[in-house]
Every structure is written in structure tokens, then in C-alpha cells.
Amino acid sequence: MKDTRVQEPCKYIPEKMVSEEEQKDHTSVKIKVLFFARARDLTGMTDMSLEVSPGATAHDCLNELISKFPGLEEIRNCMVLALNEEYTLESTVVKDRDELAIIPPISGG
């Protein structure tokens, strides 16, 4: 018996060339960190970029920030975190281009 099936020609699809920068983008998450009140005083900054691993939580980001700015340990137990302008828990996973705000207690009269 003769095979009468039509064979589709093979298609060659070259692999996409990915630059080192694009590869790095897939292996890290970049967020913007905002510092308010005492956090701004302790870091000397109003904001900064932070690069963390995919799946990192706000807690992981906070640990990274404290390693860069040990003075933040002073307010660690009394600060509030906001992710993209919404109060958040330290267990929340951050995503690329998120904005994490460090908000210490505010006092005044």
C-alpha cells in the first residue's frame, strides 16, 4: 500500500537572540522604593531603585534595604509599608515596576 498522506514541510524557527540586559530582566525584579519622614532622614534619600529576585516579598525588600541602610532597623517594628499606594503586608510579593513606600510613624503637634 502506498502512503498517501501529505507531509508538511518542516519549518525552521530560529531562536530569538536575547541580550544580556533582557536576560537580567527575567532574573530580577526592579522596584522603586519611597522613603518618608524618619526613613528619609535615616537614608538621606527620598527614593531609590531596588533590584530583588522574582518572588521576593516586601519583607525581603525591607531586609535588603536594612542591609544597605542599617539605621532603618531603628524604625523597623513601627513602620507601615505601602505597595503601589495601598497599605500592604510584609508577606506580599513584589512585581517588576512596583512602588514600595516606607512609612514610619509620624508625630507632630
Same cluster or not: M48 versus V29, using hydrophobic residues (I, L, V, M, F, W, Y) connected whenever any side-chain heavy atoms lie under 4.5 Å apart? yes
Within this structure, what is the CG-OG1 distance for the pair L100 and T88, rounded to the nearest 0.5 Å? 8.0 Å
Measuring from atom CG of L42 to atom CG of L65, what distance do you get when rounded to the nearest 0.5 angstrom? 12.0 Å
Is there a side-chain contact (heavy atoms from CB on, under 4.5 Å) between V52 and T57 once you walk through the steps? CA-CA 9 Å; V52 294; T57 62; over 6 Å; no
In Å and rounded to the nearest 0.5 Å, what is the NZ to OG1 distance from K68 to T43? 12.5 Å
Listed by chain and number, what are the side chain to side chain contact (heavy atoms under 4.5 Å, CB included) partners of K95, not counting sequence neighbours? D98
Distance-minimising heavy-atom pair for A39 and P104: N-CG, 3.5 Å
Run the side-chain donor-acceptor check on residues 73-83: report pairs under 3.5 Å with partners two or more places apart or on a different chain.
residue	atom	partner	partner atom	Å
E74	OE1	R38	NH2	3.4
E74	OE2	R38	NE	2.9
E74	OE2	R38	NH2	3.1
R76	NH1	N63	OD1	2.7
R76	NH2	H59	ND1	3.2
R76	NH2	N63	OD1	3.0

Look only at the side chain of R40 and the backbone of F35, and say whether a donor-acceptor pair between them is shorter than 3.5 Å. yes
So which atom in I31 and which in C61 form the shortest heavy-atom distance, rounded to 0.1 Å? CD1-SG, 3.7 Å
Might you point out which heavy atoms bring K30 and D96 nearest each other, and give the distance in Å? N-OD1, 2.8 Å
Same cluster or not: F36 versus M45, using hydrophobic residues (I, L, V, M, F, W, Y) connected whenever any side-chain heavy atoms lie under 4.5 Å apart? no
With hydrophobic residues grouped by side-chain heavy-atom distances under 4.5 Å, do V33 and I103 end up in a single group? no
Check for me, please, whether L72 and L34 land in the same ILVMFWY cluster - side-chain distances under 4.5 Å, paths through other members count. no
